[in-house]
Amino acid sequence: MEKVEETLEEYQYIRVLESGRRFMEIMNKYRCAIMEVETKLNVLNSEFSLQYDRNPFESIKTRLKSPRSIIEKLRRRGFSLADGNVEELVEENLYDVAGVRVICAFQEDIYRLADLLLQQDDIRLIRTKDYIKNPKPNGYRSLHLILEVPVFLEKGKTPVKIEVQFRTIAMDFWASVDHKLRYKKNVEDEEKIVEKLRQCAETISTLDDEMQRIRNMIEAGGERHVKD
């Protein structure tokens, strides 16, 4: 049975690749959506730099799912490429084909930047998952927004869904390490390790809060100095 399933997956994967140009056009829309969001964030970053003499984020990372990842996720959700048009299956069932991750130094900047992004009248918010205020049981923290942004192509304007994640530097470090460790196999004392990672996430959250307080103290002191 396992051999049959592997063959079926390979067959489905080949079918997507064989669609060639059409699938490339689908992926190009998502690639353009990433560029659109990146541009908006860089404009906000530039404005912040001029207005407040600091940058709201440290870096931006982007990701476009591979064809194989798309197929595997559709299959996990019970879909087959034989169920219908590939483009419709992807657009209606996957919201994270295109992803942007924004790394901020402070939590306050995460919410400020997210609010400014959502105020733009050509962006539509589909869904919010706030894992900072409501962390996952394992300690994972991040703000996830599913957005719909306009992409202007030769055939006209097309709305495209994209996932934007906001994390602090500390949250991103924890998530990266956790991701690497989760793929280790045959690990002894796995429950103990999971608990230690959760405790590390709590420590990192405390550190983020303390760094935010320190920045607020520095900025408050600067404001008093200007008034004096």
Side-chain angles (χ1 to χ4, degrees), residues 16 19 21-52 55-74 77 79 84-134 140-169 171-172 175:
V16 171
S19 64
R21 183 176 178 81
R22 185 66 192 126
F23 194 77
M24 288 174 63
E25 288 175 354
I26 295 171
M27 299 308 290
N28 185 57
K29 287 197 305 185
Y30 287 103
R31 193 175 291 110
C32 291
I34 288 174
M35 291 189 287
E36 184 75 23
V37 171
E38 268 193 294
T39 299
K40 289 177 177 295
L41 288 167
N42 283 322
V43 168
L44 288 172
N45 195 44
S46 178
E47 186 181 11
F48 248 76
S49 182
L50 285 172
Q51 209 165 354
Y52 304 106
N55 302 101
F57 63 82
E58 300 295 312
S59 63
I60 299 177
K61 301 176 183 178
T62 63
R63 184 261 307 138
L64 191 65
K65 276 188 180 296
S66 68
R68 181 174 290 279
S69 295
I70 290 171
I71 292 167
E72 289 174 351
K73 190 158 188 178
L74 285 172
R77 295 190 173 187
F79 296 100
N85 181 282
V86 174
E87 185 173 10
E88 290 179 0
L89 282 175
V90 172
E91 290 184 351
E92 293 176 7
N93 299 286
L94 300 184
Y95 289 175
D96 62 345
V97 173
V100 175
R101 184 176 301 151
V102 187
I103 313 301
C104 301
F106 303 98
Q107 284 189 38
E108 281 186 6
D109 289 339
I110 287 176
Y111 291 106
R112 176 66 174 151
L113 197 55
D115 285 343
L116 288 172
L117 191 61
L118 292 174
Q119 286 173 23
Q120 300 193 22
D121 58 13
D122 59 347
I123 284 184
R124 187 166 76 93
L125 176 64
I126 305 294
R127 187 173 67 206
T128 301
K129 288 189 177 180
D130 192 340
Y131 296 116
I132 298 175
K133 294 178 180 176
N134 302 289
Y140 175 84
R141 288 169 168 80
S142 184
L143 175 64
H144 291 198
L145 304 180
I146 302 296
L147 307 177
E148 191 176 76
V149 300
V151 169
F152 296 87
L153 302 171
E154 183 182 0
K155 296 178 182 178
K157 184 171 71 172
T158 303
V160 181
K161 295 181 181 66
I162 182 170
E163 181 182 54
V164 184
Q165 299 178 358
F166 295 87
R167 300 175 182 171
T168 63
I169 299 169
M171 291 173 195
D172 190 56

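Not measured: the values here are computed from a predicted model.
For the pair Asn55 and Phe48, the minimum side-chain heavy-atom distance is 4.5 Å or more. Side chains of Val100 and Gln165 form no contact here, defined as non-hydrogen atoms less than 4.5 Å apart. Ile34 places a side-chain heavy atom less than 4.5 Å from the side chain of Glu38. For the pair Thr128 and Leu143, the minimum side-chain heavy-atom distance is below 4.5 Å.
Annotation: cation-pi pair Lys133/Tyr111 present, NZ/CZ under 6.0 Å from the ring centroid and within 45° of its normal.
Counting all heavy atoms, side chain and backbone alike, Leu113 lies closest to Cys104 at CD2-SG, 4.3 Å. In terms of heavy atoms, Tyr30 sits closest to Leu64 at CB-CD1, 3.5 Å. The heavy-atom pair separating Asp109 from Pro56 by the smallest distance is CB-O, 3.4 Å. Of all non-hydrogen atoms in Ile126 and Leu147, the two that sit nearest each other are CG1-C, 4.2 Å. Contact detail for Leu94 and Ile70: the closest heavy-atom pair is CD1-CG2, 3.8 Å. Among all heavy-atom pairs drawn from Ala98 and Ile162, the shortest one is O-CG1, 3.4 Å.
Side-chain atoms of Ser46 and Ser49 form no donor-acceptor pair, as typed in the model, at a separation below 3.5 Å. A donor-acceptor contact closer than 3.5 angstrom links the side chains of Arg167 and Tyr140.
Counting heavy-atom neighbours within 6.0 Å of Gln120 CD, excluding the residue itself, gives a total above 12.
Of the charged side-chain nitrogens involved, none lies within less than 4.0 Å of a carboxylate oxygen, so that Arg101 and Glu163 do not count as a salt-bridged pair. With respect to the salt-bridge test (charged N to carboxylate O, under 4.0 angstrom), the residues Arg141 and Asp130 do not qualify. A salt bridge is absent between Asp96 and Lys161: the closest approach of a Lys/Arg side-chain nitrogen to an acidic carboxylate oxygen does not fall below 4.0 angstrom.
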